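In listed order, ligands and their atoms are each counted from 1. A quick note: this is a predicted structure, and the numbers were derived from the prediction, not measured.
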Amino acid sequence: MKFGTKAIHAGVHPDEATGAIMTPIYQTSTYVQPEVGVNKGYAYSRTQNPTRHALEKNIAALENGKYGACFGSGLAAIDCVLKMLNPGDEVISTNDLYGGTYRIFKTIFEKYGIKFHFIGMENAANIENFVNENTRLIWVETPTNPMMNIIDIIATAALAKKHKITLAVDNTFATPYLQNPLDLGADIVMHSATKYLGGHSDVVMGALVCNDEKIATEMYRIQNSSGAVTGPMDSFLVLRGIKTLHLRMERHCENGEKIAQFLAQHPRVEKVYWPGFENHPNHEIAKTQMRGFGGMISFSFKGNKIEDALKTLKRVTVFALAESLGGVESLIGHPVTMTHASIPKEEREKAGIVDSLIRLSVGIEDIEDLINDLEQALK
Ligand SMILES: Cc1ncc(COP(=O)(O)O)c(C=O)c1O
């Protein structure tokens, strides 16, 4: 099946009891067993629930993977990957990543004896300098949040294979519509389904997809043992959201391109970060591994004054000042005080997250309204 058909049909089928075309919300914790040890595939909803199961199969199909698992948040999905490691293991992670991912690595897993190296990955060859006999995981986010750097998944996967290291890719920004890391050689793909997969800013959820049976066994063991699962109502909402993922992504990409171009020619704007520009440092890699450039854009002001960013955030009327991204509505945020506040200033600035940086999640509204809004806010 092609992408749009999979988004609508993969993993779901009309309800056997009633013929309902939409997957029912199986709002139940347990399942009656006709006799001990006999059930219909479901025993307890932490272990598995039919609505969640349909969603897990759907997301796995979109990522061209065999095994999918959904969690109570994107961070719970990341938590599951990290729990596959042991004390003494080392992780190489991009240094330009979602602040919450940095926080869980540094403040939760470091104290259990896992060592993290946060490095620039724009040049994949640099990763090899940090590999040693304890390296077990490479953590990649591409495009990165919020600098929109592009990391070469094929080159990183080759390096990971050579050293027998697991490669996990956070595919939240690109979505499976624009990029499929497993096809490019990654072992695990991770999503904050809160964002584009759900698409309507009404759910917090995470997902993992993989092809390897051994990784899948660990993933399901940890999902069930740690219990950070998502509920049936949220599973239904994300299943419904995904049915229009391909249509929404087309419009996010179209609007994103127009806004990036508008900002690039604006006299007050210093730099625009968007992988679709030919002068983006890894534009050629983006073109190889992505099918479009998405609706996430960051930009900074000439003079780099924090007040310029804060004033703009106050003045917008269509863009909403809020955390998160990937919903139908356009959002605007200030990484330094919002999404990336948990990263120390020194680390932030190394990655280019300066005081005047603004991040946009361009929604699917009419482009004229979005540009007019930015124009009046930037005046
Ligand atoms: C790229 C990325 N990864 C992971 C997460 C964490 O996901 P959640 O907020 O669903 O826990 C986020 C949240 O903003 C994100 O932007």
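The backbone N or O of Thr172 lies less than 3.5 Å from no partner atom in the side chain of Lys195, so there is not a single donor-acceptor pair. A donor-acceptor distance shorter than 3.5 angstrom exists from the side chain of Gln179 to the backbone of Thr142, with no hydrogens or angles considered.
Using bins of under 30°, 30° to 60° and over 60° for the plane-to-plane angle, the ring pair Phe105/Phe116 lands in the parallel bin. Ring pair Tyr42/Tyr31 is tilted by interplanar angle, where 30° to 60° counts as tilted.
What sits closest to atom 16 (O) of ligand 1 on the protein, heavy atoms only, is Asn145 ND2, 3.3 Å. Scanning the protein for heavy atoms near atom 8 (P) of ligand 1, the closest one is Gly74 N, 3.4 Å. Scanning all protein heavy atoms for the shortest distance to atom 6 (C) of ligand 1 gives Tyr98 CE2, 3.5 Å. Shortest contact from atom 2 (C) of ligand 1 to any protein heavy atom: Asp170 OD2, 3.4 Å. Closest protein heavy atom to atom 10 (O) of ligand 1: Thr194 OG1, 2.6 Å. In terms of protein heavy-atom proximity, atom 7 (O) of ligand 1 is nearest to Ser192 OG, 3.0 Å. Annotation: atom 14 (O) of ligand 1 to nearest protein heavy atom, Lys195 NZ, 2.5 Å.
Residues Tyr102 and His340 place their aromatic rings such that the two centres sit no closer than 6.0 Å. Aromatic rings from Tyr196 and His252 are positioned such that their centres are separated by under 6.0 Å.
Per-residue contacts place Ser73 under 4.0 angstrom from the following atoms of ligand 1 (heavy atoms of the residue considered): 10 (O), 11 (O). Atoms of ligand 1 lying under 4.0 Å from any heavy atom of Met205, numbered from 1 in the order shown and given with element: 10 (O).
Using a 4.5 Å heavy-atom threshold, the side chains of His53 and Tyr26 count as separate. Residues Thr339 and Glu323 have side chains in contact (heavy-atom distance under 4.5 Å, counting atoms from C-beta outward).
Contacts between Leu75 and ligand 1, counted as non-hydrogen atom pairs separated by less than 4.0 Å, involve both the backbone and the side chain.
Between Glu141 and ligand 1, not a single N/O pair is under 3.5 Å apart.
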